[in-house]
Amino acid sequence: MFQEYFALPSSFGVFLTSLAVLVALASKGEGVMWINTILIPLKLIICLSVSFAVLGASDKSVDMGNFFAIPDRPWFFSAILYVSFNLTFALVVLSSLGKEMRGNTTGGVLGGIGLGIFALAIGSSLLFYYPLAGNYQVPMVYIAFQVGPAMGIFYLLILWFAMITAAVGNAFSFTKRIIRFYSVSYWAACLGTLAIAIPLAHFRFSSLVAAIYPAFGYIGLLTLGSLFYAVFQKK
């Protein structure tokens, strides 16, 4: 995003993101919860605002035939993988926070509905700018700039912060695993995690998403299957 919209080296964005993750990790579990509590609802509001602005102002017709001409897999299976992927990443964070978390079924239902609305809004907006938006690493940022420069920059920053929250949640979970199995300090585990992640951050974002998201979706199916089995076995 730094490279596409600000003409800055991508390594500059990687450095700033790594620094932000390190600062958030300093507060451990409390920082993970706080940063998600603030930024995720804000991201949802901004994304919906961009989508409604696009859908309300656009007079374009959508060629659905072109959009679904070459599907990688049946749409219903992609939907299952999407749910599985999101649940898998949620489990990673929730299992690491453990007793620090307080939640119930209502929170899970509302979160799922919110995520569904979020995905529907993004998908609907992308249809109006397909295939042009596909030339960008993060198409929704491009669409936000079509609404207006101020909206584009604001959305870009919010999305970047949301990426940081995802990185912090997973880094925190990973470091706790390292500490559990190896005799290393918390900070050594944090720095080691960043050392592993930084080289991967130099790959194209779209390439990482195309490879990693489905892979975690498949892994999630195995995880969810194990959880359902454990629940039914208890009952």
Side-chain angles (χ1 to χ4, degrees), residues 1 20-21 24 29-58 67 75-98 100-130 133 138-144 146-147 151-173 205 208-209 212-214 216-221 223-224 227-228 231:
M1 293 191 299
V21 170
E30 293 80 4
V32 175
M33 287 302 302
W34 181 84
I35 198 169
N36 277 282
T37 301
I38 299 297
L39 292 179
I40 297 303
L42 186 58
K43 179 190 173 186
L44 178 62
I45 293 171
I46 296 302
C47 185
L48 291 177
S49 300
V50 171
S51 298
F52 290 147
V54 169
L55 297 175
S58 180
F67 190 77
W75 67 266
F76 58 86
F77 190 65
S78 294
I80 293 172
L81 286 181
Y82 182 72
V83 172
S84 175
F85 162 80
N86 281 284
L87 286 175
T88 301
F89 269 78
L91 288 173
V92 168
V93 177
L94 296 178
S95 63
S96 299
L97 292 173
E100 299 173 40
M101 280 295 299
R102 294 291 183 271
N104 52 37
T105 305
T106 303
V109 171
L110 292 177
I113 293 173
L115 186 60
I117 295 173
F118 189 64
L120 179 62
I122 290 177
S124 301
S125 302
L126 289 174
L127 287 174
F128 284 99
Y129 288 94
Y130 183 84
V138 187
M140 276 303 292
V141 177
Y142 164 76
I143 293 175
Q146 304 311 302
V147 176
M151 178 64 82
I153 292 175
F154 191 52
Y155 184 84
L156 189 150
L157 292 174
I158 292 299
L159 183 60
W160 179 48
F161 291 148
M163 290 180 177
I164 292 174
T165 66
V168 170
N170 287 283
F172 180 66
S173 304
F205 182 69
L208 287 173
V209 169
I212 294 176
Y213 279 34
F216 268 90
Y218 289 115
I219 294 172
L221 292 178
T223 306
L224 293 175
L227 290 175
F228 279 120
V231 170

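Sequence positions, counted from 1, serve as the residue numbers for this chain. Everything quoted here is computed from the prediction, not taken from an experiment.
- Shortest non-hydrogen contact noted between Ala24 and Val168 is CB-CG2, 3.6 Å.
- Qualifying ring pair (Phe, Tyr, Trp, His ring centres under 6.0 Å) partners for Tyr213, counting only residues two or more places apart in sequence or in other chains: Phe85.
- One finds the CD1 atom of Ile122 at 9.0 Å from the CD1 atom of Ile143 (value rounded to the nearest 0.5 Å).
- Judged as a side-chain contact (heavy atoms from CB on, under 4.5 Å), and not counting sequence neighbours, the contacts of Val83 are Leu87.
- Under the rule for a side-chain contact (heavy atoms from CB on, under 4.5 Å), the partners of Ile219 that lie at least two apart in sequence or sit in another chain are Thr223.
- When the side-chain contact (heavy atoms from CB on, under 4.5 Å) test is applied to Ala20, the partners found at least two apart in sequence or on another chain are Ile164.
- Scanning all heavy atoms of the two residues, the minimum distance from Ser84 to Phe216 falls at OG-O, 4.3 Å.
- Trp160 contributes atom CH2, which lies 9.5 Å from atom CG of Leu156 (distance to the nearest 0.5 angstrom).
- Ala167 meets the side-chain contact (heavy atoms from CB on, under 4.5 Å) test with Val21; sequence neighbours excluded.
- Across all non-hydrogen atoms, the minimal contact from Val138 to Met1 is CG2-CG, 4.0 Å.
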